[in-house]
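Reviewing the structure listed below.
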Amino acid sequence: MNILIVKTSSIGDVTHALPALLAIRGHYPKAHIAWVVEEAAADIILGHAALDRVLISPRKTWIRDLRAGRVWKTVVGFRAFVKALRDTHYDLLIDLQGLLRSSLWVVLAKADRKVGFDRGMEHGENSYLFLNERVPAIDWNRHALDRWLFLLNHIGIPHQSVEYDFPIKKDNEAEAEDLLRERGVTDRDCLIAIHPMTRWPTKLWENARFGQVADRLIGVGVRVLFTGSMEDRGAIDEICRHMTHQPIRLDGETSLKTLAAIYKRVNTLLTTDNGAMHIAAAIGTPVVALFGPTAPWRTGPYGTQHTVLRSDVSCSPCFKKRCLTQDYEERACLGRISVEEVVNSVLQKVNLPAVHMPESALP
């Protein structure tokens, strides 16, 4: 039996779909399972033991090439990808993305059954039109991970438990150990990772506050390391300028799998709503997550061991990438989360005493 999963992005969403992959593999142990994914999230599934093939769609590369006038290069690349997509006839295609842009691959793939959610799913963009087997829409406020498992259960693919089997390899673990050892981290250290950046401006907490949190944690004997991409370095530079202590920095120095190996070593991850949060949750690391414009019950860290901090304000969640107030201090969804609240939530995770910060030290 040949099965194709269409789940192209993002890092967090692809991570959420790993339990669905394991459920499919458990139900069809001898099936050939392929997955269509975009470049940014491909490292999440490359090398996964439950997968036989990964088809990487370089959509953003094609867009960049088109904008740069490299039309023929884009055409050649697109044709090569479509040829690879169509070189296998699939018995079952499962659309876990449910967006218009991913529907192109649903249309072009050769499959007898093309399964996904029917009309009524928020943000579905009429993707149901390209399916020949439609599962009734369910409440969008259910967690994304649970939605995918519900879809599978509806078509006769059960699951016994929620597992990820995140594909960290030995070389990723070795690289992570080398990076930490070079920075003087030992097994005795209480190690907190902070991943402060995210793509949505409205999901960001103030850099000065992250600096104060990191300083306070280091001040009570915790080792703090910052993670992020190369593009995050400028913002993390700014955070560090608000600090008096020296943190460990690994921004721009890890692949996604090595980042996961780093998170296996840390005691807790403090983060905004981003893909790193879901990677940490997938490998079992406790998370303290700051939420503002998005809904943690839909896309928060999955599991009971995590803490979500958010303000109970009427406009949250708004799901907007631009705050209508425009002024940070008026952006109450994140602006009302205090430094003291964040520090003590992290300390609670690592079984250290809470601290009280005088009013003069709070933003």
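Remember, it's a predicted structure, so these values are computed and weren't measured experimentally. Counting begins at 1 with the first residue of the sequence.
- Around the CZ atom of R119, the shell of radius 6.0 Å holds no more than 12 heavy atoms that belong to other residues, nucleotides or ligands.
- H278 pairs by the side-chain hydrogen bond (donor to acceptor under 3.5 Å, both in side chains) definition with H16, not counting sequence neighbours.
- One finds a salt bridge joining R249 and D237 here, because a Lys/Arg side-chain nitrogen approaches an Asp/Glu carboxylate oxygen to under 4.0 Å.
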Decide side-chain contact (heavy atoms from CB on, under 4.5 Å) for R216 and Q212; before the verdict, give the C-alpha distance in whole Å, the side-chain angles of both, and the deciding distance to 0.1 Å. CA-CA 6 Å; R216 191 68 181 191; Q212 291 177 45; over 6 Å; no
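- By the neighbour-count criterion of 12 heavy atoms within 6.0 Å, atom CG of D87 is densely surrounded, having more than that number from other residues, nucleotides or ligands.
- More than 12 heavy atoms of other shown residues, nucleotides or ligands fall within 6.0 angstrom of atom CZ in R183.
- In this structure the side chain of K203 reaches within 4.5 angstrom of the side chain of P293, judged on heavy atoms.
- M277 has its side chain out of reach of T198: every pair of non-hydrogen atoms, C-beta onward, lies at least 4.5 Å apart.
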Before giving the answer on side-chain contact (heavy atoms from CB on, under 4.5 Å), spell out for R188 and T186 the whole-Å C-alpha distance, their side-chain angles and the decisive distance to 0.1 Å. CA-CA 5 Å; R188 298 185 301 274; T186 71; 3.8 Å; yes
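- Under the ring pair (Phe, Tyr, Trp, His ring centres under 6.0 Å) criterion, the residue pairs touching residues 209-251 are W205-F210, with sequence neighbours excluded.
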From CA spacing to verdict: salt bridge (charged side-chain N to carboxylate O under 4.0 Å, His left out), R25, D52: CA-CA 10 Å; R25 174 57 72 195; D52 297 290; 2.8 Å; yes
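- Contact of the L352 side chain with the V222 side chain is registered, since non-hydrogen atoms from C-beta on lie closer than 4.5 Å.
- Counting heavy atoms of neighbouring residues, nucleotides and ligands inside a 6.0 Å radius, atom CD of Q348 does not exceed 12 of them.
- Follow the hydrophobic side-chain contacts under 4.5 Å out from I218 and you never reach L269; the two are in separate clusters.
- Looking at T285, its side chain never comes within 3.5 Å of a backbone N or O of A281 through a donor-acceptor pair.
- When all heavy atoms of I337 and F291 are compared, the closest pair comes out as CD1-O, 4.1 Å.
- The backbone N or O of L100 sits nowhere less than 3.5 Å from a side-chain atom of N126 that would complete a donor-acceptor pair.
- Contact of the L151 side chain with the I157 side chain is not registered, since no non-hydrogen atoms from C-beta on lie closer than 4.5 Å.
- The number of heavy-atom neighbours closer than 6.0 Å to NZ of K169, taken from other residues, nucleotides and ligands shown, is above 12.
- Hydrophobic clustering (ILVMFWY, side-chain heavy atoms < 4.5 Å, transitive): I155 and L21 are in one cluster.
- The one candidate from K60, R70, R59 that meets the salt bridge (Lys or Arg N to Asp or Glu O under 4.0 Å) condition with D65 is R70.
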When you look at L270 and V224, which way does the side-chain contact (heavy atoms from CB on, under 4.5 Å) test go after all the steps? CA-CA 10 Å; L270 168 62; V224 171; over 6 Å; no
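- Side chains of R336 and S316: no donor on one and acceptor on the other come within 3.5 Å.
- Judged by distance alone, with hydrogens and angles left aside, the side-chain atoms of N132 form a donor-acceptor pair with the main-chain N or O of D112 at under 3.5 Å.
- Between K170 and E173 there is no salt bridge, since no side-chain N of the basic residue sits under 4.0 Å from a carboxylate O of the acidic one.
- For R86, the side-chain hydrogen bond (donor to acceptor under 3.5 Å, both in side chains) criterion is met by no residue, not counting sequence neighbours.
- With hydrogens and angles ignored, the 3.5 Å screen pairs no side-chain donor or acceptor of S127 with any backbone N or O of S103.
- V6 and V54 sit in two unconnected hydrophobic clusters of ILVMFWY residues. Membership requires side-chain heavy atoms under 4.5 Å apart, directly or through other members.
- Side chains of L259 and L250 form no contact here, defined as non-hydrogen atoms less than 4.5 Å apart.
- L179 places a side-chain heavy atom less than 4.5 Å from the side chain of T258.
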Applying side-chain hydrogen bond (donor to acceptor under 3.5 Å, both in side chains) to S57 and R101, what does each step give before you reach the verdict? CA-CA 11 Å; S57 159; R101 68 172 183 264; over 6 Å; no
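- Under the 3.5 Å distance criterion, with hydrogens and angles disregarded, no donor-acceptor pair is assigned to the side chains of E340 and S338.
- Following chains of ILVMFWY side-chain contacts shorter than 4.5 Å, one can reach I262 starting from Y164, so the two form part of one hydrophobic cluster.
- A heavy-atom distance below 4.5 Å is found between the side chains of R199 and S10.
- Although no hydrogens or angles enter the test, the distance criterion places no donor-acceptor pair under 3.5 Å between the side chain of R147 and the main chain of I138.
- V135 has its side chain within reach of F150: a pair of non-hydrogen atoms, C-beta onward, lies under 4.5 Å apart.
- Following chains of ILVMFWY side-chain contacts shorter than 4.5 Å, one can reach V14 starting from Y263, so the two form part of one hydrophobic cluster.
- Using cut-offs of 30° and 60° for the angle between ring planes, the H143 and Y302 rings count as perpendicular.
- A side chain to side chain contact (heavy atoms under 4.5 Å, CB included) with L55 holds for exactly one of T88, L4, V37; it is L4.
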Decide yes or no on side-chain contact (heavy atoms from CB on, under 4.5 Å) for K264 and F166, but give the supporting numbers first. CA-CA 11 Å; K264 281 185 68 176; F166 198 96; over 6 Å; no
